[in-house]
**Student:** 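Here you go, one structure.
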Amino acid sequence: MENNIIETILSNWVQTGFTKAFPDLDTETLQAIDVSAATDERFGDYQCNAAMGLARALRMAPRAIAEQAVAALPEQDWVQSTEIAGAGFINITLNPERLADHLMGIEDHAQLGVPAFGQDRTVVIDYSSPNVAKPMHIGHIRSTVIGNALDRLHRFLGYRVLADNHLGDWGTQFGLLILGYHHFVDQDALAQHPVEELERIYVKSYERSQSDAEWLDQARRELVKLQQGDPAHQELWQQFVELSLQEFDKIYTRLGVRFDLVRGESFYRDRFADIIATLQKVGLAEESEGAQIVRLEDDGLDVCIVQKRDGGYNYATSDLATVQQRIEEFQPDTIIYVTDERQQLHFKQFFTIADKLGWQTELVHVWFGLMRLPEATFSTRQGNVIRLERLLDEAESRALEIVKQSSPDMPEAQQLVVARAVGIGAIKYADLSQNPQSLVTFTWDKAMAMDGNSAPYLQYAYARIASVRDKYGERFPGQDPRQFPLSLKEEAELRLAKRLLRFPSVVLRATQLYRPSILADYLYDLAQTYSSFYQNLPFLKAEEGVRESRIRLCGLTARTLRTGLELLGIETPDRI
RNA sequence: GCUCCCGUAGCUCAGCUGGAUAGAGCAUCGGAUUUCUAAUCCGACGGUCGCAGGUUCGAAUCCUGCCGGGGGCGCCA
């Protein structure tokens with residue numbers, strides 16, 4: 001697998017120096033020596049901190065180690081100079097001409113220098129996964145947006161990706177829902193706003209079950225009838241599923257989210273009994289108080305119930321069946337689940353069981369903090385949810401106001417298109433730009449920030465470049481900037497070029513750590529560097545040659561911004 | 001009781017596979033537009049990195065304990 005990103009090139013290079021200077025070091029130690037981006041621009045571009053760590057083993061002063069290693073380094077055209085600083089840091093400054101050559105080389109490269117790291121690997125990504133018959137609310141946005149970014153990142157790296165929307169379509173809510181439907185349904189409302197009506201029915205039925213034991217019992221019987229295949233119940237259930245899917249699809253279209261598979265838990269139901277039988281056969285499952293449980297105390301986990309006393313199956317069983325199906329059908333190397341933090345224990349449990357069954361696929365749980373409201377946790381039952389639909393509407397209308405203000409001459413149809421891209425982008429970026437593992441309190445203003453570190457800032461930077469490109473075409477018709485070389489003389493040009501060089505390692509890291517925020521951070525930094533470059537250096541008014549070089553740099557920045565934002569699922573209009 | 005996560009500037013957060021003087025945005029204050037989109041740029045102000053120990057040449061980052069907040073823990077998903 002080709003992996004020619006700059007850190008790898010420099011790490012290999014520095015390793016040769018250490019190998020030559022200290023031939024007694026074992027291979028493992030040598031291979032651990034690496035080069036990373038400098039922590040501060042004043043130190044250079046890249047740095048190697050290995051000398052300090054080797055001081056004890058080599059019984060030498062770190063600076064002396066660094067000096068000997070540097071002295072043993074072969075020529076490297078990427079490197080302009082090395083310097084030993086502080087306690088024994090090896091600071092590396094890149095050669096601007098080599099950098100310019102490299103950037104000219106990737107101008108036509110669709111991947112902008114990113115290697116096909118995931119070639120021949122398959123990954124299933126299980127995300128979004130709303131429950132049928134309940135509207136999508138702000139609690140679903142993070143799984144959908146983060147999952148979709150991971151989906152795009154993996155595809156970009158060449159993985160074969162199966163994005164799977166694992167709908168909650170077989171849970172206990174259907175007993176209450178079917179019972180409620182028979183008593184409370186308003187057919188007109190169902191035709192008008194299907195999911196809202198289903199939710200109303202569910203909430204009403206749930207409330208009654210809290211005070212009416214007979215009602216709850218009846219709901220259980222309805223569920224059993226459904227799960228045993230009663231035709232009338234099946235038909236009704238099918239209708240609930242279809243109505244919900246239509247609603248979900250509207251949201252997914254607006255968010256630009258697309259799945260390869262949309263399979264609910266019900267898809268796997270024929271496997272549930274076999275899973276229990278298998279667990280019993282290998283001695284993992286045992287009976288306790290009438291239920292089937294798997295004891296995981298030795299693994300530091302609690303008991304996991306796999307089958308209820310009444311014969312019903314639990315989530316763990318359904319998830320195990322799903323893994324089994326995916327292994328048989330797709331042979332994935334990895335299955336990634338994107339859910340909120342409350343399910344951590346559940347995933348640890350069923351991952352452990354899968355491991356005990358000898359299933360080889362790597363299982364990864366990417367979790368994020370729960371979204372809360374300033375006053376309290378939201379919940380469907382308490383009725384204080386903020387619907388996703390409303391959130392998206394609000395974002396678009398806020399964006400539209402700003403667009404109208406700043407681009408009053410833009411045709412109205414275009415204003416709407418821009419407002420959609422900006423509004424939805426802002427929402428997505430708000431979720432993608434921070435480490436997901438912290439609890440998030442939802443506020444409208446925060447979710448839709450339109451200045452500073454936000455999607456609109458990045459989109460604005462992109463639109464300015466598009467405008468420069470167009471103006472260049474108008475003023476210098478027929479002129480091709482590529483007739484002139486990319487030349488990096490000014491500090492602002494160099495800084496920008498060095499940022500562009502980092503894109504591949506950033507994409508790789510964001511994917512491998514399952515953290516789109518790493519890419520978001522980078523893009524913001526890139527846009528800031530560009531904005532400063534834009535503000536401080538003339539392009540169109542610069543002399544011929546310099547002008548073209550800067551236009552080329554603009555072009556690369558535009559492509560990097562567009563590609564990066566696309567990986568986050570954020571659109572980049574040419575005008576905003 | 002057991003367990004997982006969070007605690008960094010007034011507010012919202014990066015940084016946490018250990019590295020040099022801890023960084024952004026917002027807010028506040030000051031400056032920049034006859035010039036390529038000012039949703040911008042340049043600058044200032046602002047910090048006991050929750051507390052206390054420990055490991056290390058070096059700790060916001062790793063370990064232990066404590067405090068504060070949130071989540072989870074046998075028939076929900």
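Throughout, protein chains are lettered first and strands after them, A, B, ... in sequence-line order, and every chain is numbered starting at 1. Just so it is clear, the values below take in all heavy atoms, side chains as well, and ignore hydrogens, waters and symmetry mates.
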**Student:** Classify A:P538 by what it touches in the nucleic acid, base, sugar-phosphate, or nothing, heavy-atom distance under 4.0 Å.
**Tutor:**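 A:P538: base contact, heavy atoms under 4.0 Å.
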**Student:** Please verify the inter-ring angle class for A:Y337 with A:F351; under 30° counts as parallel, over 60° as perpendicular, anything in between as tilted.
**Tutor:** tilted
**Student:** What nucleotide among B:U40, B:U37, B:A14 has an atom nearest to a side-chain atom of A:Q535?
**Tutor:**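 Among B:U40, B:U37, B:A14, the one nearest the side chain of A:Q535 is B:U40.
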**Student:** Using the C1' atom in both, what is the distance from B:C26 to B:G68, to the nearest Å?
**Tutor:**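 The same atom, C1', in both gives a distance of 26 Å.
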**Student:** For the side chain of A:K471, counting heavy atoms from C-beta on, which of B:C36, B:G72, B:U56 is nearest?
**Tutor:**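 Taking heavy atoms from C-beta onward, the closest nucleotide is B:C36.
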**Student:** From the set B:C57, B:C36, B:G25, return the single nucleotide nearest to any side-chain atom of A:M52.
**Tutor:** B:C57
**Student:** Which one, B:C41, B:G74, B:C4, comes nearest to the side chain of A:N536?
**Tutor:** B:C41
**Student:** Kindly point out which of B:C57, B:U37, B:U40 is positioned nearest to the side chain of A:Y457?
**Tutor:** B:U40
**Student:** Base, sugar-phosphate, or nothing for A:I576, non-hydrogen atoms under 4.0 angstrom?
**Tutor:** base
**Student:** Start at the 5' end of RNA chain B and walk down; is the nucleotide closest to A:S467 or to A:D302 reached first?
**Tutor:**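 That would be A:S467.
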**Student:** So, under a plain 3.5 Å distance rule, would you say the side chain of A:N91 forms a donor-acceptor pair with the base of B:A20?
**Tutor:**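 Counting by modelled atom types and ignoring angles, a donor-acceptor contact under 3.5 Å is found here.
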**Student:** What pair of heavy atoms forms the shortest contact from A:D521 to A:S433, and how long is it?
**Tutor:** OD1-O, 4.0 Å
**Student:** Heavy atoms only, 4.0 Å cut-off, all strands: where does A:D445 land among base, sugar-phosphate and nothing?
**Tutor:**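 Since no nucleic acid heavy atom lies under 4.0 Å of A:D445, the category is nothing.
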**Student:** Taking the ring of A:Y202 and the ring of A:F240, is the distance between their centroids below 6.0 Å?
**Tutor:**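 No, ring centres 6.0 Å or more apart.
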**Student:** Check the orientation of A:Y268 and A:H166. Use parallel for under 30°, tilted for 30 to 60°, and perpendicular for over 60°.
**Tutor:**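 Because their plane-to-plane angle lies in the 30° to 60° range, the rings of A:Y268 and A:H166 count as tilted.
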**Student:** Identify whether any heavy atom of A:Q343 sits under 4.0 Å from a base atom; if not, whether one sits that close to sugar-phosphate; answer base, sugar-phosphate or nothing.
**Tutor:** base
**Student:** Using a heavy-atom cut-off of under 4.0 Å over every strand shown, decide if A:S517 touches base, sugar-phosphate, or nothing.
**Tutor:** nothing
**Student:** Indicate whether OP1 or OP2 belonging to B:C13 is found under 4.0 Å from a side-chain N or O atom of A:K446.
**Tutor:**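 Yes, A:K446 has a side-chain N/O under 4.0 Å of OP1/OP2 on B:C13.
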**Student:** Answer yes or no on whether A:R464 is positioned over the face of A:Y530, meaning its NZ or CZ is under 6.0 Å from the six-membered ring centre and within 45° of the axis.
**Tutor:**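 No - A:R464 does not lie over the ring of A:Y530 by the 6.0 Å and 45° rule.
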**Student:** Could you give the distance separating B:A22 and B:C29 at their P atoms, to the nearest angstrom?
**Tutor:** 28 Å
**Student:** With a 3.5 Å cut-off and heavy atoms only, can you find an N or O donor on one side and an acceptor on the other between the side chain of A:Q47 and the base of B:A20?
**Tutor:** yes
**Student:** In terms of side-chain heavy atoms of A:V468, which of B:U37, B:A14, B:A24 is nearest?
**Tutor:**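 The closest nucleotide is B:U37.
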**Student:** Which atom names give the shortest non-hydrogen contact between A:P573 and A:Q459, and what distance separates them?
**Tutor:**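 Closest approach of A:P573 to A:Q459, heavy atoms only: CD-NE2, 4.3 Å.
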**Student:** Are B:A20 and A:F43 stacked, with the base six-membered ring and the side-chain ring centres under 5.5 Å apart and planes under 30°?
**Tutor:** yes
**Student:** Provide the distance between the two C1' atoms, one in B:C57 and one in B:G7, to the nearest whole Å.
**Tutor:** 29 Å
**Student:** Among B:C5, B:G19, B:U37, which is the nearest nucleotide to the side chain of A:W367?
**Tutor:** B:C5
**Student:** Measure distances between side-chain N and O atoms of A:R509 and base N and O atoms of B:U17, and say whether any donor-acceptor pair falls under 3.5 Å.
**Tutor:** yes
**Student:** Which part of the nucleic acid, if any, lies within reach of A:A461 when heavy atoms closer than 4.0 Å are counted: base, sugar-phosphate only, or nothing?
**Tutor:**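 The residue A:A461 makes no contact with any strand.
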**Student:** Roughly how many Å apart are B:A27 and B:C13, using the C1' atom of each and rounding to a whole number?
**Tutor:** 14 Å
**Student:** Closest approach to the side chain of A:Y534, judged atom by atom: which nucleotide of B:U40, B:A24, B:A38 is it?
**Tutor:**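 Shortest atom-to-atom distance from the side chain points to B:A38.
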**Student:** Please tell me which of the listed nucleotides, B:A14, B:G72, B:C73, lies nearest to the side chain of A:Q434?
**Tutor:** B:A14
**Student:** Taking only the side-chain heavy atoms of A:N435 (C-beta and beyond), determine which of B:A14, B:U40, B:A20 contains the nearest atom.
**Tutor:**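 The closest nucleotide is B:A14.
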